[in-house]
Colleague: 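Quick one: structure below, then a few questions.
Values reported hereafter were calculated over all heavy atoms of this structure, with side chains retained and with hydrogens, waters and symmetry mates removed.
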Amino acid sequence: MPCNAATIKQAISVSTEDTVEKVIDVLREHQIDAVPVLDKNGKLEGVFSTRILLKNLLPVSVTTGDDILMDIKIGAAPGVAKRLKKVKPLKVSELMLRKMHIVAPSAPLWEGVNLLVHHGSPILVVEPETGKFIGMMTEQSVIDELERVQDKPEN
């Protein structure tokens, strides 16, 4: 059974040109935590999530010129709430994660399950030749597909 069988094909996505504020509204409206970011041709460019947003709001550590990390935190703004206000007008492409966990639609389902177990949801399903976004897999979409197959009468 290929990963395509457990793929949510009607996945919500956003554009690289959308603002962080608009994407926060999309996440809230659909009660989801992550969304794929596509270019105008439907090619996957990244993923944006509430976790990525929160990570960008945290104070940053000071580094020296030699990239030696010092255990001193400095705020990117006087407060996290103020930092959120500053990032809302930015394009989502400025904060999105570009290193994603992807799988081809024809890959065996166990590959998708393995990625889910090790990296969590979502696993993005992408056509390898074109980079076109097909959909995404979640723990629940895999369980739903396995139950569907399990309930199928044997011939």
Colleague: Given side-chain contact (heavy atoms from CB on, under 4.5 Å), test L57 with L54 step by step and report yes or no.
Modeller: CA-CA 5 Å; L57 300 180; L54 292 175; 4.1 Å; yes
Colleague: Is there a path of hydrophobic side-chain contacts, each under 4.5 Å between heavy atoms of I/L/V/M/F/W/Y residues, joining F133 to I8?
Modeller: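 No.
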Colleague: Which heavy-atom pair separates A6 from E145 by the least distance, and what is that distance?
Modeller: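 Looking at all heavy atoms of both residues, the closest pair is CB-CB, 3.9 Å.
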Colleague: Taking it one step at a time, do R98 and S93 satisfy side-chain contact (heavy atoms from CB on, under 4.5 Å)?
Modeller: CA-CA 9 Å; R98 293 179 189 280; S93 59; 4.3 Å; yes
Colleague: Could you walk me through whether L38 and T16 satisfy the side-chain contact (heavy atoms from CB on, under 4.5 Å) test, starting with their C-alpha distance in whole Å, then the side-chain angles of each, then the deciding distance to 0.1 Å, before giving a yes or no?
Modeller: CA-CA 6 Å; L38 311 179; T16 54; over 6 Å; no
Colleague: Applying salt bridge (Lys or Arg N to Asp or Glu O under 4.0 Å), can you list everything that pairs with R51, at least two apart in sequence or on another chain?
Modeller: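 Not a single residue meets the salt bridge (Lys or Arg N to Asp or Glu O under 4.0 Å) criterion with R51.
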Colleague: Under 4.5 Å between side-chain heavy atoms, chaining through other members, with only Ile, Leu, Val, Met, Phe, Trp and Tyr counted: pull out the rest of the cluster around L146, sorted by chain and number.
Modeller: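 When side chains under 4.5 Å apart are linked, the cluster holding L146 also contains M1, V103, L109, V113, L115, L116, V117, I123, V125, I134, M137, V142, V149.
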Colleague: Hey, what do you get for NZ (K86) to CZ (R83), rounding to the nearest 0.5 Å?
Modeller: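 If I round to the nearest 0.5 Å, the distance is 7.5 Å.
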Colleague: Let me confirm one number: the CD1-CD distance from I143 to Q150, rounded to the nearest 0.5 Å.
Modeller: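 The distance works out to 11.0 Å.
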Colleague: Under the criterion side-chain contact (heavy atoms from CB on, under 4.5 Å), which of V126, V14, L124, I102 is the partner of P36?
Modeller: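 The side-chain contact (heavy atoms from CB on, under 4.5 Å) with P36 is passed solely by L124 among V126, V14, L124, I102.
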Colleague: Any chance you could lay out the side-chain contact (heavy atoms from CB on, under 4.5 Å) test for L84 and I24, step after step, and finish with the verdict?
Modeller: CA-CA 11 Å; L84 176 61; I24 291 170; 4.1 Å; yes
Colleague: What residues form a salt bridge (Lys or Arg N to Asp or Glu O under 4.0 Å) with E45, not counting sequence neighbours?
Modeller: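 Scan of E45 (salt bridge (Lys or Arg N to Asp or Glu O under 4.0 Å), adjacent residues dropped) gives none.
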Colleague: Has K9 got more than 12 heavy atoms of other residues, nucleotides or ligands less than 6.0 Å from its NZ?
Modeller: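 More than 12 within 6.0 Å, yes.
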Colleague: Which value, rounded to the nearest 0.5 Å, describes the distance between K22 atom NZ and S15 atom OG?
Modeller: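 Taking NZ in K22 and OG in S15, the distance rounds to 7.5 Å.
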Colleague: Listed by chain and number, what are the salt bridge (Lys or Arg N to Asp or Glu O under 4.0 Å) partners of D25, not counting sequence neighbours?
Modeller: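 Scan of D25 (salt bridge (Lys or Arg N to Asp or Glu O under 4.0 Å), adjacent residues dropped) gives R28.
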Colleague: Shortest non-hydrogen contact from G112 to C3?
Modeller: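 Closest heavy-atom pair between G112 and C3: N-SG, 3.7 Å.
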Colleague: Please name all residues satisfying salt bridge (Lys or Arg N to Asp or Glu O under 4.0 Å) with K91, sequence neighbours left out, ordered by chain then number.
Modeller: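 If we apply the salt bridge (Lys or Arg N to Asp or Glu O under 4.0 Å) test to K91, skipping adjacent residues, the hits are E17.
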Colleague: Can you list everything that forms a side chain to side chain donor-acceptor pair (under 3.5 Å) with D33? Sequence neighbours excluded, please.
Modeller: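 None.
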Colleague: What pair of heavy atoms forms the shortest contact from E139 to G120, and how long is it?
Modeller: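 Between these two residues, the closest heavy atoms are OE2-CA, 3.9 Å.
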Colleague: So if I apply the side-chain contact (heavy atoms from CB on, under 4.5 Å) rule between V47 and each of H101, M100, M136, which one comes out positive?
Modeller: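 With V47 as partner, H101, M100, M136 yield a single side-chain contact (heavy atoms from CB on, under 4.5 Å), made by M100.
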Colleague: Any side-chain heavy atom of E127 within less than 4.5 Å of one from P105?
Modeller: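 SC-SC contact between E127 and P105 confirmed.
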Colleague: Side chain of D39, backbone of N41: donor and acceptor closer than 3.5 Å?
Modeller: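 It does hold such a pair.
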Colleague: Just by modelled atom types, is the L53 backbone N or O under 3.5 Å from a matching donor or acceptor in the N56 side chain?
Modeller: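 No; zero donor-acceptor contacts below 3.5 Å.
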Colleague: Short question: side chain of T19, backbone of P89 - any donor-acceptor pair under 3.5 Å?
Modeller: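 No, because the side chain of T19 does not come within donor-acceptor range (under 3.5 Å) of the backbone of P89.
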